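Right, one structure below, let's go through it.
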Amino acid sequence: PSAEGLHIGHTYTYGGADTNGRFQRMRGNTVFEPMGFDAFGIHSENYALKQNINPMQLTARTTKRYRYEQLGRIGAMYDWEHSVDTSQPNYYKWTQWIFVQLFKAGLAIRKEAAVNWCPSCLTVLANEQVIDGHCERCGTLVVQRELTQWFFSITKYADRLLDGLQKLDWPDESKTRQANWIGRSEGAELVFAVEGSDERIPVFTTRPDTVFGATYVVLAPEHKIVPRLTTAARRAEVDAYIESARAATEIERTDAGREKTGEFTGAYAINPATGARVPIWVADYVLVQYGTGAIMAVPGHDERDYAFARKFDLPIVEVITSEVGIADAAYTGPGALKNSGQFDGLSSDEAKTAVTAWLAERGTGEPRVTYKLRDWLISRQRYWGPPIPIIHCPEHGSVPVPEEDLPVLLPEVADFHPTGTGKSPLASVESFVKTTCPVCGGPAERETDVSDTFLDSAWYFLRYPCTEWDDRPFDKERIAEWLPVDMYFGGKEHVVMHHLYARFITMVLHDLGHLPFEEPFKKLRLHGFVTKDGAKMSKSRGNVVNPDDYIKRVGSDAFRAYLLFMGPFDQDNDFSDQNLVGVTRFLDRVWRLVTDPAPTPGTGVELRPMHRYIKRVTDELGRYQFHTAIAALMEYSNWISTHNEAFNAEQRREAIRTLTLLLAPITPFLAEELWERQGGGYSVHQQDWPTFDPAQIVDETVTLVVQINGKLRDRIEAPVGLDEAAARALAGASTKVAPFLDGKTPKKVIYVPGRLLNIVL
RNA sequence: GCCGAAGUGGUGGAAUGGCAGACACGACGGUCUCAAACACCGUUGAGGGAGACCUCAUGGGGGUUCGACUCCCCCCUUCGGCACCA
């Protein structure tokens, strides 16, 4: 509830999901379709700040409006008995419980790290929540800060999260994006000893085969070892450089096109392969969070190192053979090794293993895998979230709140504004902060940060079927019956946030023995965005379309159906109400067809087409192609109109009954009304989905397409089961085809029975 | 730079190697009406032809195939994602 109300994107998504739910139910599946409110978090809180109303009051108001004035009208079959609101104590009690489980398992840890800070939301953010260098919520440029924060060790699950993708029925797009985000890289960690000291600098590389070409070492400016290495003569320059790097934004620092900067520390390291003395530099093109925060620079075979070496006049050695050489640019491709001692002549691929093994024997290297994925920064210096259930004791350190004391209630505060001091508004609530240590009973203080909203939403699917229990987060039997989720309709924006976090939390709970499965969503389909004039809808653009007006004007069925008719569900669709009239006309025609006095029965018609339409609608709904399902329904209703007077009474009844049933998932209200008027009783949504007779699908005649040299020349109605000779005879007799044949002998004839005859001359 | 999706009439889109443009919108013509709206009927990719019909046409260029919107290669454009990730 982060806005005044829902927009048409919600109507679109929920309409599609509900159409699928109703369709599945009519096909005999037991369907659970829940809806709830992700009410905690920055999104709601920022809205409350803008309205200057305490989020507690505002959330109560908005959720009421969403539920009764909006969601209640779109005709979705939500089970409101099993709704959740993440900001209610009976929900966040269990969010806190999950935090405690992770803490006990050593997966929730407090550590100092370079983290993302949003200067507008005045809180830290997880890496996933920084979009193109900007805050996911407010769009402000994010800055880096060294802070002590709570993290979930999602990186420990990197391989599982990656490997698990293979088994999932998810769109390739989302699997690829998650895989790229996890960013597994295989290589080696090599050790460069520091000259004249016991210090050792481990570096990560994916190219251990090029170690003989490593002519200098570069440390990230934040690397802990830098102050210890820097010589007195270089200290002023290096300190100034570190200071300027710290002041720069992530965007500035990670712009690959920018000219390289750096400073020499005055210290030297020893190349473990050559034994050569190589200078140690600091430069911000090396990132402290990735690998070891240090690299061996191989300017001959890495573009960044090449640019750096050229600028600062550092030696460049060629160790991989290539046709192009390294006179003008680094050569980054494969080749044979040169200038590499006993490895000369070996291919770079073979050398990767061989060189690593050789260095490993000497204790200066080992194979290593690293990831782009970073640990999930979970704490927020904000008010509107579940307090992190930890107590800080001077004796016992960070102690989890005992489970029987959960929830740690979020206190009501006079001022909920973020402070900007690096502490949550809760820090100023003395009655909240002051407590006793659960271990020793001595005076202690509560953690005052709240947890990330994405933790609230990382487990709600476990709670939905179990809302009647207050003494457990989820019930084992109920869970086993309903989960994992069979079908998840999600937005693309969730792929490397919510979907990733939900998988992680599910895996952890599985490993701790709480869940019988480790993947939460068996089947996932991404829906597109509804745009307006080609742009994402937003208040600032002033292009937000409110569904309420349309629902008032044409009814929720027509509006829902229209949104689905706009285009493929998984693609972005631009909203314009120009075509809305097409769907309302269609539904008006259906209405008249059913409610107008029946015409005098005719002598009867061939009912086979009805079976074909049933099949088409079923198939299209089965693959979530709602727009083509509606097109098929339009054709079907047109077919009924055309034959309305020819039907005998029984046929007409059957045709109309089928139409009503096929419409039920798409226009639930209308179908119910029409069903009642046919004497169907309550409810159309509890009827069986119409079945088609396969025998009726098979055609009695086919349209034989006749081509000459692949060009269409004639279409001939022909009986089914025609053999090639008969087909050729038929084609030869055609006045359109005969002139082309003109006594010539075909070089080749392709006959696809029942479809096509292609004569190649 | 890397990864992904897409490019088809005036418009939204359909067609998963076999009839390109289903279904709609819009436009044009007509019926109904004093008139309008609604509704209904017809036409509607482009070019040629009196006409039956013919030719061209799915971002551009090549290829595979009897046959390509569909598969392969190269290129262009748009949109998303990732990005000094060693």
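Owing to the predicted nature of the structure, the values given are computational and were not obtained by experimental measurement.
- Below the 3.5 angstrom threshold, one finds no donor paired with an acceptor across the side chain of K736(A) and the base of C53(B).
- The one candidate from F529(A), F565(A), Y550(A) that meets the ring pair (Phe, Tyr, Trp, His ring centres under 6.0 Å) condition with F575(A) is Y550(A).
- Annotation: Y624(A) is not in aromatic contact with F569(A) [ring centroid separation under 6.0 Å not met].
- Checking U31(B) for Watson-Crick or G-U wobble geometry (two distances, each under 3.5 Å) identifies A39(B) as its partner.
- Using the Watson-Crick or G-U wobble rule with both distances under 3.5 Å, A22(B) pairs with nothing in any strand shown.
- A tilted orientation is assigned to the rings of W639(A) and H643(A), their planes being inclined by 30° to 60°.
- Heavy atoms of E303(A) sit nowhere under 4.0 angstrom from any nucleic acid atom.
- Residue contacts for N180(A): at a heavy-atom cut-off of 4.0 Å it reaches the sugar-phosphate backbone alone, with no base atom in range.
- Pairing partner, A5(B): U78(B), with both Watson-Crick or wobble hydrogen-bond distances short of 3.5 Å.
- Taking atom NZ of K492(A) as the reference point, atom P of C82(B) lies 14 Å away to the nearest angstrom.
- Side-chain to base pairing of N579(A) with C25(B): no donor and acceptor N or O lie closer than 3.5 Å to each other.
- In this structure, D619(A) atom CG and A14(B) atom P are separated by 16 Å, rounded to whole Å.
- Using a 4.0 Å heavy-atom cutoff across all strands shown, R184(A) reaches no nucleic acid atom at all.
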Apply side chain to side chain contact (heavy atoms under 4.5 Å, CB included) to the pair Y371(A) and D159(A), showing each step before the final yes or no. CA-CA 9 Å; Y371(A) 306 89; D159(A) 277 329; 2.7 Å; yes
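- R177(A) comes within contact range of the sugar-phosphate backbone alone, with a heavy-atom separation under 4.0 Å but no base atom that close.
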